[in-house]
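No experiment lies behind these values; they were computed from the predicted model shown.
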Amino acid sequence: MDRLILLLARGGGLGLAPKAPGTVGTLGGFPLTALLLVPGNFWIYLAGCAALVPLSAWICGEAERILDCEDPGEVVFDEIIAVPMCFLGVFAFMTFQGEGMPSVQSVLAMPWTWVWALAGFGLFRLIDIWKPGPIDHAQSIRKGWGVTMDDILAGLLTAVILGRVYFGLQKKKVQVELAPLW
């Protein structure tokens, strides 16, 4: 059982990268994001994100116990599950502005998907490394929750920022489309 826990905690081996394992491990969050997009339903996506939090706390806590180390760098399951949360803001605006929750196929077909993915990845890594305010304090929580919660908070802050940018761009698009009428 310990081997399975470490396999998951290390993101299938991504956490064993010789340099920047957290950054490499974060890449494992993109297939998870795609998996959560399969149903094409925002509420299922949100529920999936929420369900992964206690699972991550348990896996990361068990990995700390097995490795006898507090917050080991090779444990990247917390980064992986935080990536889908980075896009909650964008998907929420898409859903509630009438565009609907995108499917995996529609996300891959969008011309600027790579920009959003890169922005989410970069912003998340910046916030996760910098750990502003309460994100830094979240690490002091025990039993795997601290390992997980700093990444969850970094993912949610990324979601707020990306969501605001998306909303601003959509608002600007509407203004541009309406401009000829005035």
Enumerate the residue pairs fulfilling salt bridge (Lys or Arg N to Asp or Glu O under 4.0 Å) with a member in [range], sequence neighbours excluded, ordered by first and then second residue.
range	answer
residues 93-102	none
residues 25-40	none
residues 106-117	none
residues 11-27	none

Nearest non-hydrogen partners of [X] and [Y], listed with the distance:
X	Y	answer
L14	G25	CB-CA, 3.9 Å
W145	P54	CH2-CA, 3.7 Å
L36	P39	O-CD, 3.4 Å
P31	G28	CD-O, 3.3 Å
L162	G120	CD1-CA, 3.6 Å

Original post:
Which residues pass the salt bridge (Lys or Arg N to Asp or Glu O under 4.0 Å) test with E64, sequence neighbours left out?
Top reply: none
Subject >> Partners meeting salt bridge (Lys or Arg N to Asp or Glu O under 4.0 Å) with R164 (sequence neighbours left out) >> reply: none
Just grab all the side-chain hydrogen bond (donor to acceptor under 3.5 Å, both in side chains) pairs involving [range], residues at least two apart or on different chains.
range	answer
residues 41-56	S56-T148
residues 66-85	R10-E74, D71-Q139
residues 80-98	none

pair [X]-[Y]: side-chain heavy atoms closer than 4.5 Å:
X	Y	answer
V160	L156	no
V75	L6	no
V53	M149	yes

Original post:
How would you list all residue pairs meeting ring pair (Phe, Tyr, Trp, His ring centres under 6.0 Å) that involve residues 97-117, not counting sequence neighbours?
Top reply: W116-Y166
Pair up each side-chain donor or acceptor in residues 121-134 with any protein partner under 3.5 Å, not counting sequence neighbours, and list the distances.
| residue | atom | partner | partner atom | Å |
| --- | --- | --- | --- | --- |
| R125 | NE | T23 | OG1 | 3.1 |
| R125 | NH1 | D128 | OD2 | 2.6 |
| R125 | NH2 | T23 | OG1 | 3.4 |
| D128 | OD1 | K131 | NZ | 3.0 |
| K131 | NZ | D128 | O | 2.5 |
| K131 | NZ | D150 | OD2 | 2.6 |

Subject >> Side chain S106, main chain P102, donor-acceptor under 3.5 Å >> reply: no
**OP:** Evaluate the side chain to side chain contact (heavy atoms under 4.5 Å, CB included) criterion for residues L52 and I80: first the C-alpha distance (whole Å), next the side-chain angles of each, then the deciding distance (0.1 Å), finally the verdict.
**Re:** CA-CA 10 Å; L52 288 167; I80 291 170; over 6 Å; no
Hphob cluster co-occupancy, [X] + [Y], side-chain heavy atoms under 4.5 angstrom:
X	Y	result
L169	F167	yes
L8	L32	yes
M110	L108	yes
L4	L16	no

Subject >> From CZ (F77) to CD1 (I5), nearest 0.5 Å >> reply: 11.0 Å
Listed pairs under 3.5 Å, donor-acceptor, residues 81-94 side chains, sequence neighbours left out:
none

Original post:
Between R65 and D2, does a side chain to side chain contact (heavy atoms under 4.5 Å, CB included) hold up when you go through it step by step?
Top reply: CA-CA 10 Å; R65 178 190 60 77; D2 287 356; 3.4 Å; yes
**OP:** Would you sort out whether V107 and L37 count as a side chain to side chain contact (heavy atoms under 4.5 Å, CB included), showing the intermediate values?
**Re:** CA-CA 9 Å; V107 166; L37 282 170; 3.9 Å; yes
